[in-house]
Amino acid sequence: MVDEQRLERLNGMLKRRGFLLPAFEIHGGSKGLYDFGPVGGRMRSKINQAWIDHWLGLGNVVELSCPTVTPYAVLEASGHVGEFSDFMTQCGSCQEASRADSLLEAHHPNPDALKRDELQSLLEAEKPPCPACGMTDWSEILAQNLMFNTTIGAGASGRPGFLRPETAQGMFTSFNALYRHFRERLPFGAMQVGKGYRNEIAPRQGMIRLREFNMAELEYFIDPESPADDDLSAWDTVSFALVPDGKKPVEMTLEVACQQGVIRHATVARFMGITYDFLAKVGIDMNRVRFRQHESDEMAHYAMDCWDAEIEGSFGWIECVGIAHRGCYDLESHEKATGKSLRARREFDEPRTTLVDAWTIDGATAGPAFKALAGQVKATVEGLPKSTTFPATVALENGETVVIEPEHVKPNQRTLKETGEWYIPHVVEPAFGIDRIIWHVLDHAYAEQEKNGEAYTVMQLAPAVAPVDIAVFPLFEKEGMDDAAAKIHQRLCGRPGTVSMYDGSGSIGRRYARADEIGVPQCITVDHQTLQDGTVTLRERDTGEQVRVPMDSL
RNA sequence: GCGGAUAUGGUGAAGUGGUUAUCAUCUGAGGUUUCCAACCUUAUGUCGUGGGUUCGACUCCCGCUAUCCGCACCA
């Protein structure tokens, strides 16, 4: 299925033409790190921008840019420190590193679930032999993390931190600023494109698994109690290839998938539709896209539903987008860790009133009687049922027992009125692996054709992602044609967002071929006639057709 | 991380324990050419890296790094 020779030719071309190159190659290179070259750099930024523009279409999202350097506490709260770690220990005799939980498998039913300290004491108690040399001299257990760790600040004041493994956490920790910005009305979203870092044990398959990668994520905050009435009618005519959890692939519209409960949440369905449109816009072959639902055992424990967009390319089916309904997990985690509220308010249709009919203390007598304990006494008394009779002997929160006399208490009757409540919003998160998408855009656009019996390659890139928008050629670099072409090139380059390329070397056919190979959609050629009547030929990449147009109309 | 393969101009390949490493292509310059990798002249640019063996290593040996393929890991 995988055509390895085509893959090699494609990789060679991408390197030769400056799309993708191994980073720091003159120093020997580094695994999992790539450069977007003179051609690829522009393409990456166009795809990033296209992604932002596409999702801005929701109308209620903003763009953020958060630091990549992230304090330890943030990623501890998010669960990354725990989830992304292996606990390693080193043999003092042969230096072989082993996973502590593997060593202790014989001594504990589930060592994977233990914390570092528990593993440490178990390791010291059991002294398992080193699988390499049989000795039992183990070093202290260290968390070997898949995140790049670093120190924020110098010397003794330095605090531990990581390079972020995803962009999402900065958006969660910014929730209160977002809430104010959106006038305290949900739903709303925040998105960002940027770098993420994972110190992969074995980066593989070129752009598919990198140590530093480009990602684009949207965190869309919703009220779990308001009905998900997302409009799916825009995709009524599109049959989606779906692979539901543990079932056979099916094809159906988003509307039907929602009605049948295949997709569990309408917002997830709508984002699948928007994702579909984005992939089509940047030139992915939509016949090679499917959406696969995470099976319950691979889904993160907090997620309520998760669909991956998978794209088929030279490496088979690769997950390129994840659309996850994450529930309230993230905001709740940061709330717990910081004690800060990350909530939204929901007003009730009707204010809710509750009648309180119980006891409270009489401050004038109970205060002097209980002094420092008065606060605890008050809390305890207010928790007593109305039927309590005094004097009563009660246990306080701190364990002390006190006797409460009738003169210490008085009836407490009042009406509590609540007009609304605070809740933790739920989050639907589309997360895009931009590098993987760029790879598949290139993979799908790469067309090996034949021209006059010779191999001919064209990058059939969509104009939205083409690294060069237009190329300008003088038919010959003399007799003023070169000057005329240079002027047109300058004028086009002066336009915001337009990249023009001037090329005057080699035969005209060679220049068309070079332009085709990096996917320039249109080429302009200046010839003798241009000098007389101001017209040029405009050539379309995909059809080869040429039309003569006045150069002022460009 | 384990196992296997590989590493020669920008790209793709050949080759050798001993003078100046070969070929194609690409790229630059000049010429020619009135629109799709044409042609002529000419130029630039290479043995991944560190050690060892040797009078001499791009070639043989070892380590490292990188790439590709399995397995494992990861999403």
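Letters A, B, ... are given to chains in the order of the sequence lines, protein chains preceding strands, and every chain is numbered from 1. Here the structure is a predicted model, which is why all the values come from computation and not from measurement.
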Distance check, [atom1] atoms only: [N] and [M], in whole angstrom units.
{"N": "B:rU8", "M": "B:rC60", "atom1": "P", "result": "14 Å"}
{"N": "B:rU54", "M": "B:rC61", "atom1": "C1'", "result": "12 Å"}
{"N": "B:rA14", "M": "B:rA7", "atom1": "C1'", "result": "15 Å"}
{"N": "B:rG52", "M": "B:rG17", "atom1": "C1'", "result": "15 Å"}
{"N": "B:rC74", "M": "B:rU16", "atom1": "C1'", "result": "45 Å"}
{"N": "B:rU27", "M": "B:rG9", "atom1": "C1'", "result": "11 Å"}
{"N": "B:rG12", "M": "B:rC26", "atom1": "C1'", "result": "10 Å"}
{"N": "B:rG56", "M": "B:rG63", "atom1": "P", "result": "23 Å"}

Quiz question: going by heavy-atom distance under 3.5 Å, is there a donor-acceptor pair between the base of B:rC73 and the side chain of A:Arg209?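 Yes.
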Any donor-acceptor pair, under 3.5 Å, between the side chain of A:Arg16 and the base of B:rC26, if you only look at N and O atoms?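 Per atom types, no contact qualifies.
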Closest to side chain of [X], choosing from [options]:
{"X": "A:Asp527", "options": "B:rU11, B:rC35, B:rA75", "answer": "B:rC35"}
{"X": "A:Glu454", "options": "B:rA37, B:rA75, B:rC35", "answer": "B:rA37"}
{"X": "A:Lys31", "options": "B:rU67, B:rU33, B:rG28", "answer": "B:rU67"}
{"X": "A:Lys478", "options": "B:rU33, B:rA75, B:rA37", "answer": "B:rU33"}

To the nearest 0.5 Å, what is the distance between [atom1] on [X] and [atom2] on [Y]?
{"X": "A:Asn214", "Y": "A:Tyr34", "atom1": "CG", "atom2": "OH", "value": "14.0 Å"}
{"X": "A:Leu254", "Y": "A:Met272", "atom1": "CG", "atom2": "CE", "value": "6.0 Å"}
{"X": "A:Asp443", "Y": "A:Leu7", "atom1": "CG", "atom2": "CG", "value": "7.5 Å"}

Whole-Å distance between [N] [atom2] and [X] [atom1]?
{"X": "A:His528", "N": "B:rC35", "atom1": "NE2", "atom2": "P", "result": "11 Å"}
{"X": "A:Leu21", "N": "B:rU11", "atom1": "CG", "atom2": "C1'", "result": "12 Å"}
{"X": "A:Asp542", "N": "B:rC36", "atom1": "CG", "atom2": "P", "result": "19 Å"}
{"X": "A:Asn11", "N": "B:rC69", "atom1": "CG", "atom2": "P", "result": "10 Å"}
{"X": "A:Leu475", "N": "B:rC36", "atom1": "CG", "atom2": "P", "result": "9 Å"}
{"X": "A:Ile208", "N": "B:rU67", "atom1": "CD1", "atom2": "C1'", "result": "16 Å"}
{"X": "A:Lys15", "N": "B:rA7", "atom1": "NZ", "atom2": "P", "result": "14 Å"}
{"X": "A:Leu210", "N": "B:rC74", "atom1": "CG", "atom2": "P", "result": "18 Å"}

Taking 4.0 Å as the cut-off, does a side-chain nitrogen or oxygen of [X] come that near to OP1 or OP2 on [N]?
{"X": "A:Arg510", "N": "B:rA38", "value": "yes"}
{"X": "A:Ser507", "N": "B:rA38", "value": "yes"}
{"X": "A:Ser505", "N": "B:rG28", "value": "yes"}
{"X": "A:Arg17", "N": "B:rC26", "value": "no"}

Return the residues of residues 429-448 of chain A meeting this criterion: a heavy atom under 4.0 Å from some atom of RNA chain B. Order them by number, or give none.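 Hits under 4.0 Å, by residue number: none.
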Parallel, tilted or perpendicular: ring planes of [X] versus [Y], cut at 30 and 60 degrees:
{"X": "A:Phe148", "Y": "A:Tyr197", "value": "perpendicular"}
{"X": "A:Phe221", "Y": "A:Phe172", "value": "perpendicular"}
{"X": "A:Phe278", "Y": "A:Phe432", "value": "perpendicular"}
{"X": "A:Trp51", "Y": "A:Trp55", "value": "tilted"}

Taking the nucleotide of RNA chain B with the closest heavy atom to each, which residue, A:Ile508 or A:Gly12, is nearer the 5' end?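 Its nucleotide being nearer the 5' end, the pick is A:Gly12.
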Hey, which sits more toward the 5' end of RNA chain B by its nearest nucleotide, A:Gly32 or A:Glu8?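 Result of the comparison: A:Glu8.
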Any base atoms under 4.0 Å from [X], or only sugar-phosphate, or nothing? Heavy atoms, all strands.
{"X": "A:Phe473", "answer": "nothing"}
{"X": "A:Gly206", "answer": "sugar-phosphate"}
{"X": "A:Lys451", "answer": "base"}
{"X": "A:Arg511", "answer": "nothing"}
{"X": "A:Arg539", "answer": "base"}
{"X": "A:Gln546", "answer": "base"}

Only stems of 3 or more consecutive Watson-Crick or G-U pairs count here, both distances under 3.5 Å; name the ones for RNA chain B, or none.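 As far as RNA chain B goes, consecutive pairing (with distances under 3.5 Å) yields the stems B:1-7 with B:65-71, B:10-13 with B:22-25, B:27-31 with B:39-43, B:48-52 with B:60-64.
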Quick one: closest heavy-atom pair of A:Ala280 and A:Met286, and the distance?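 That would be N-SD, 3.6 Å.
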Heavy-atom closest pair, residues A:Glu319 and A:Arg436: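 Nearest pair, atom of A:Glu319 first, then A:Arg436: O-NH1, 2.7 Å.
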Just one of A:Asp527, A:Thr537, A:Asp533 clears the side chain to side chain donor-acceptor pair (under 3.5 Å) bar with A:Arg548, so which one?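 Between A:Arg548 and the candidates, side chain to side chain donor-acceptor pair (under 3.5 Å) is satisfied uniquely by A:Asp527.
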Pair A:Asp330-A:Met171, side-chain contact (heavy atoms from CB on, under 4.5 Å): steps then yes or no: CA-CA 10 Å; A:Asp330 302 280; A:Met171 297 191 272; over 6 Å; no
Show your working on side-chain contact (heavy atoms from CB on, under 4.5 Å) between A:Leu279 and A:Ile437 and close with a plain yes or no. CA-CA 8 Å; A:Leu279 295 176; A:Ile437 289 170; 4.1 Å; yes
